[in-house]
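Position 1 is the first residue of the sequence, and the numbers go up from there.
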Amino acid sequence: MSVFTSHMDAALAEARAAAGRGEVPVGAVVVAPDGRIVAAAGNRTRELSDPTAHAEILAIRAACAAAGSERLPDHDLWVTLEPCPMCAAAISAARIGRLYYGAGDPRMGGVAHGARVFDHPQCHHRPQIYDGLGAADARALLQDFFARRR
C-alpha cells in the first residue's frame with residue numbers, strides 16, 4: 001500500500017517562478033508511478049511567443065521525452081489551475097492516469113467548467129480527477145498577479 005504524497009507544493013513553486021518571469025502563474029509537475037517528479041514547468045507563453053506553452057503542455061512534453069513515449073499511463077499530473085480545453089485534450093492524449101488541480105477556472109477551464117473535455121464521448125481517455133488541492137494558495141497567486149497588472 002502506497003502513502004499519498006501531495007506534489008502541489010512543487011507545482012506552486014513552478015507557478016511562482018512563472019510569475020517571476022511575468023507569466024500567468026500556473027505551474028505543473030508530472031509524477032511517475034514510483035512517485036518521482038519527472039517533469040516540472042510553469043507557463044512560458046510570453047517568453048516563447050507560443051500560445052501552447054502552458055505549464056501542463058510543457059510538463060507533458062518533457063515527461064514524454066524522458067519516457068521515450070507519447071503516452072504516460074499511471075503518471076499523475078499536478079497543476080495549480082484547472083486545465084483549459086487544450087491542456088485537457090493533451091492530458092487525454094498522453095493517457096495521464098490521475099489529474100490533481102488546485103483552483104477551478106470558471107472562465108477558461110475545460111475540466112469542470114466550459115468545454116468539459118473529459119465528459120465528451122469523443123474523449124479517448126479520462127483520468128481520475130481530484131480538484132481543490134492547494135486551491136487557496138493557487139487562487140491567491142493568480143489574484144495577486146492580476147491585481148499588480150491592473
What distance separates [X] [atom1] from [Y] [atom2], expressed to the nearest 0.5 Å?
X	Y	atom1	atom2	result
Leu58	Leu48	CG	CG	6.5 Å
His124	Arg126	NE2	CZ	15.5 Å
Ile96	Ile91	CD1	CD1	7.0 Å

If hydrophobic clusters are built by linking Ile, Leu, Val, Met, Phe, Trp and Tyr wherever their side-chain heavy atoms come under 4.5 Å apart, do [X] and [Y] end up in the same one?
X	Y	value
Val79	Leu142	yes
Met8	Leu81	no
Val26	Ile129	yes
Val29	Leu133	yes
Val38	Leu99	yes

With [X] via salt bridge (Lys or Arg N to Asp or Glu O under 4.0 Å) - residues at least two apart:
X	answer
Arg16	none
Arg98	Asp76
Arg36	Asp34
Glu47	Arg21, Arg44

To which residues is Ile57 joined in a hydrophobic cluster, defined by side-chain heavy-atom contacts under 4.5 Å among Ile, Leu, Val, Met, Phe, Trp and Tyr, whether direct or through other members?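 Members other than Ile57 - counting any ILVMFWY side chain reachable under 4.5 Å - are Met86.
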Closest non-hydrogen atom pair between [X] and [Y], with its separation:
X	Y	value
Ala41	Ala59	CB-N, 3.8 Å
Ala63	Ala39	N-CB, 3.6 Å
Ala88	Phe118	O-CE2, 3.3 Å

Can you pull out every salt bridge (Lys or Arg N to Asp or Glu O under 4.0 Å) where at least one residue sits in residues 48-60? Sequence neighbours excluded, please.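 Non-adjacent pairs meeting salt bridge (Lys or Arg N to Asp or Glu O under 4.0 Å): zero.
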Do Asn43 side-chain atoms and Ala55 backbone N/O form a donor-acceptor pair below 3.5 Å?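 Judged by distance alone, yes, a pair lies under 3.5 Å.
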What verdict does the side-chain contact (heavy atoms from CB on, under 4.5 Å) test give for Thr80 and Leu141, after you've listed the backbone C-alpha separation in whole Å, the side-chain angles of each residue and the deciding distance to 0.1 Å? CA-CA 10 Å; Thr80 58; Leu141 263 175; 5.7 Å; no
Who passes side-chain contact (heavy atoms from CB on, under 4.5 Å) against Asp137, sequence neighbours left out?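 Asp137 satisfies side-chain contact (heavy atoms from CB on, under 4.5 Å) with Leu12 once adjacent residues are dropped.
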Under the rule for side-chain contact (heavy atoms from CB on, under 4.5 Å), what residues qualify as partners of His113, not counting sequence neighbours?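 Once residues adjacent in sequence are excluded, the partners of His113 under the side-chain contact (heavy atoms from CB on, under 4.5 Å) criterion are Glu82, Pro106.
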Residue pairs fulfilling side-chain hydrogen bond (donor to acceptor under 3.5 Å, both in side chains) with at least one residue in residues 57-75, sequence neighbours excluded: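 As it turns out, the side-chain hydrogen bond (donor to acceptor under 3.5 Å, both in side chains) pairs with a partner in residues 57-75, which skip direct neighbours, are Thr52-Arg61.
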Residue list, side-chain hydrogen bond (donor to acceptor under 3.5 Å, both in side chains) with Ser92, at least two apart or on another chain: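 With neighbours one apart ignored, the set is empty.
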Which pairs with one or both residues in residues 6-62 pass ring pair (Phe, Tyr, Trp, His ring centres under 6.0 Å), sequence neighbours excluded?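 Every pair satisfying ring pair (Phe, Tyr, Trp, His ring centres under 6.0 Å) with a residue in residues 6-62: His7-Trp78.
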Report the residues that fulfil ring-ring contact (aromatic ring centres under 6.0 Å, His included) with Tyr130, sequence neighbours left out, ordered by chain and then residue number. Tyr100
Any side-chain heavy-atom pair of Phe146 and Val24 under 4.5 Å: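 Answer yes - side chains close enough.
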